[in-house]
Amino acid sequence: MLWSALLLPPCANDPSSPSPPSPDALRAVATWALQFTPRVAIVEDAVLMEVESSTRLFGGKRALRDRVVAEAAELAVQKVAWAPTSLAALALARNNREDGIRRPLQDILDALPMESLRAICPHATTLAQTGCRTLGHVRALPRAGLARRFGKELRQALDRAYGHEPDGYVWEMLPEQFKGRLELPFRVEHAPALLQGARRLLVQMCGWLAARHAGTTAFTLHWWHDTMRSREAGTGGQLTVGTAEPSRDVEHLCRLLAEHLAKVELLAPVGDLELTANEVHEQADSNGSLLLDDTDVTESPQLVLERMAARLGPEAVRRCVVHADHRQEWMAHWQPAAKPLPRQAEVSTELPQPTWTLREPLKLAVRNNRPVYQGELQLLAGPQCVEGGWWDRDEVAGSGRLVMRDYWLAESRHAGLLWIFQAKLDDGTGWFLHGIFG
């Protein structure tokens, strides 16, 4: 087995500390830890997780250790330790020792102070009077007398720490929705400075998303003003950040939030933050290929567009989006880059679609019952019959968008391949040029 103990402040060098970590802080770290393993438990002033089965998934013990240590530090975790048993890892963390794997576990634990196990602390004075100073000294006492004098809980804690008895914990469950709250260590008067506390909440949220194999397309940062505020300032404010594609990349979400916070002016100092994930969608994980993937090396264009939109404004950066529509004029439209993308449009016809489309169809002349554009046109493929749009209405023009057309792929000796259609008119039928193939 491989266990990791995440110790929150105050560190247990003083086991009798009157201010243990708050239940909310422990629960927040436990929720983040569920991305690594489903076997996470809150024990005393620490979060324990059994990660033996997860090491290969995260690239080995060293890679897993580096990631846990780096991200846990942003959640105010002060000590991280690793050992074959949960209580051994917790004892090592309390003594600021991380590695409990490279040497025999018995040798490591025997040298630790006896107060490293919480079950010994109530009896520390009595045991010290008998000459006990370390866990090895306590373990050397007669087992029957130890249990009779100090209770079976102390002996069971020793056995569990040394691996002679199995652990029995109630595992933490992943909440259905994410809502993280943080009390700031000092009052913040400028909105960009909120990012320091918000990043801690983002790390928690991204851990929750990773455990759900999901990403978010919208999250909201709430803030509450200090009680010493003017009545006009109100209780607080909020800021919602959206992304076009599901994401759980902490760095990207932080950059987006920073761009939005740069435009916010706080009406009063802020003392508390809360982060909620508004829209959550499934997101595929990396396939873990042995080959290098160039897409992972550089930032994707989508992330760049979202950051530009956050800096310049949502309407300043737009992109073309394809719709599943048979009508050529409404197959695509421009939308803000930060707006979520619609579902990918399905191919509506086997005929090729033009590279360029005219803003308004150009009526063609007819010669010998054949359309003319820089010479008579030869029809190569078609027709593609399009009839639809009765449900659509142009509110500006006050007219409907019903179209009834037969599209053809035509060839012009001088203009190349063209996309034309034949439509009914009041005085018969007419031919129109609608697109050009580049």
Side-chain angles (χ1 to χ4, degrees), residues 1-17 20-21 25-121 133-136 138-139 156-169 171-172 203 207:
M1 287 291 183
L2 178 61
W3 286 84
S4 178
L6 310 173
L7 200 63
L8 276 71
C11 292
N13 292 333
D14 179 12
S16 60
S17 173
L26 289 168
R27 197 172 299 110
V29 175
T31 300
W32 164 83
L34 284 169
Q35 66 180 304
F36 302 108
T37 173
R39 306 187 70 181
V40 176
I42 296 177
V43 178
E44 299 170 4
D45 55 348
V47 174
L48 303 178
M49 57 180 182
E50 192 275 297
V51 293
E52 180 66 34
S53 302
S54 306
T55 54
R56 185 176 180 182
L57 179 63
F58 290 92
K61 294 180 180 179
R62 172 55 61 178
L64 177 61
R65 177 263 173 199
D66 292 343
R67 179 172 173 182
V68 169
V69 170
E71 294 187 14
E74 298 196 65
L75 300 178
V77 173
Q78 291 192 353
K79 308 295 180 183
V80 181
W82 309 80
T85 68
S86 60
L87 292 186
L90 183 53
L92 288 170
R94 286 171 174 162
N95 289 276
N96 198 21
R97 297 183 58 179
E98 180 181 343
D99 189 1
I101 302 174
R102 296 186 181 183
R103 294 174 52 202
L105 180 61
Q106 178 176 320
D107 296 344
I108 296 175
L109 291 180
D110 282 350
L112 296 181
M114 61 180 179
E115 292 84 359
S116 301
L117 291 181
R118 185 62 57 87
I120 298 179
C121 292
R133 296 293 183 271
T134 65
L135 291 178
V138 178
R139 190 173 66 89
Q156 288 178 345
L158 282 172
D159 290 341
R160 288 171 56 194
Y162 282 85
H164 302 314
E165 282 192 15
D167 293 305
Y169 295 124
W171 305 118
E172 292 294 309
V203 172

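Computation of the quantities below employed the complete heavy-atom set of this structure, encompassing side-chain atoms and omitting hydrogens, waters and symmetry-equivalent molecules.
- Note: Leu87 CG to Leu48 CG = 7.5 Å, rounded to the nearest 0.5 Å.
- In this structure a side-chain-to-backbone donor-acceptor pair under 3.5 Å is missing from Thr85 to Gly163.
- Residues passing the ring pair (Phe, Tyr, Trp, His ring centres under 6.0 Å) test with Tyr162: none are found, sequence neighbours excluded.
- Scanning both residues, Arg118 and Asp45, for their nearest heavy atoms gives NH2-OD2, 3.6 Å.
- Heavy atoms only, all atoms of each residue included: Pro9 and Pro21 are closest at O-CG, 3.3 Å.
- Shown here for Leu92 and Leu112, the closest heavy-atom pair between the two residues is CD2-CD1, 4.0 Å.
- The minimum heavy-atom distance linking Leu105 with Pro84 is given by the pair CD1-CD, 4.0 Å.
- To the nearest 0.5 Å, atoms CG (Leu64) and CH2 (Trp82) are separated by 4.5 Å.
- In this structure a side-chain-to-backbone donor-acceptor pair under 3.5 Å is present from Gln35 to Trp32.
- Scanning all heavy atoms of the two residues, the minimum distance from Leu7 to Ala46 falls at CD1-CB, 3.7 Å.
- Residue Cys121 holds its SG atom at 9.0 Å from CE of Met114, rounded to the nearest 0.5 Å.
- Side-chain atoms of Glu172 and Val47, non-hydrogen and from C-beta on, never get closer than 4.5 Å to each other.
- Distance check, rounded to the nearest 0.5 Å: CD of Glu71 to CZ of Arg67 gives 5.0 Å.
- Closest approach of Ala89 to Ser4, counting heavy atoms only: CB-C, 4.4 Å.
- Looking at Asp167 and Trp3, their side chains come closer than 4.5 Å, going by heavy atoms from C-beta outward.
- Between the Glu52 side chain and the Leu2 main chain, a donor and an acceptor come within less than 3.5 Å of each other.
- Distance alone, capped at 3.5 Å, is enough to place a donor-acceptor pair between the Arg94 side chain and the Ser116 backbone.
- How far CD1 of Ile108 is from CG of Leu135: 12.0 Å, rounded to the nearest 0.5 Å.
- Rounded to the nearest 0.5 angstrom, Glu115 CD and Arg133 CZ are separated by 9.0 Å.
- Side-chain N or O atoms of Thr37 include one that pairs as donor or acceptor with a backbone N or O of Glu50 at under 3.5 Å.
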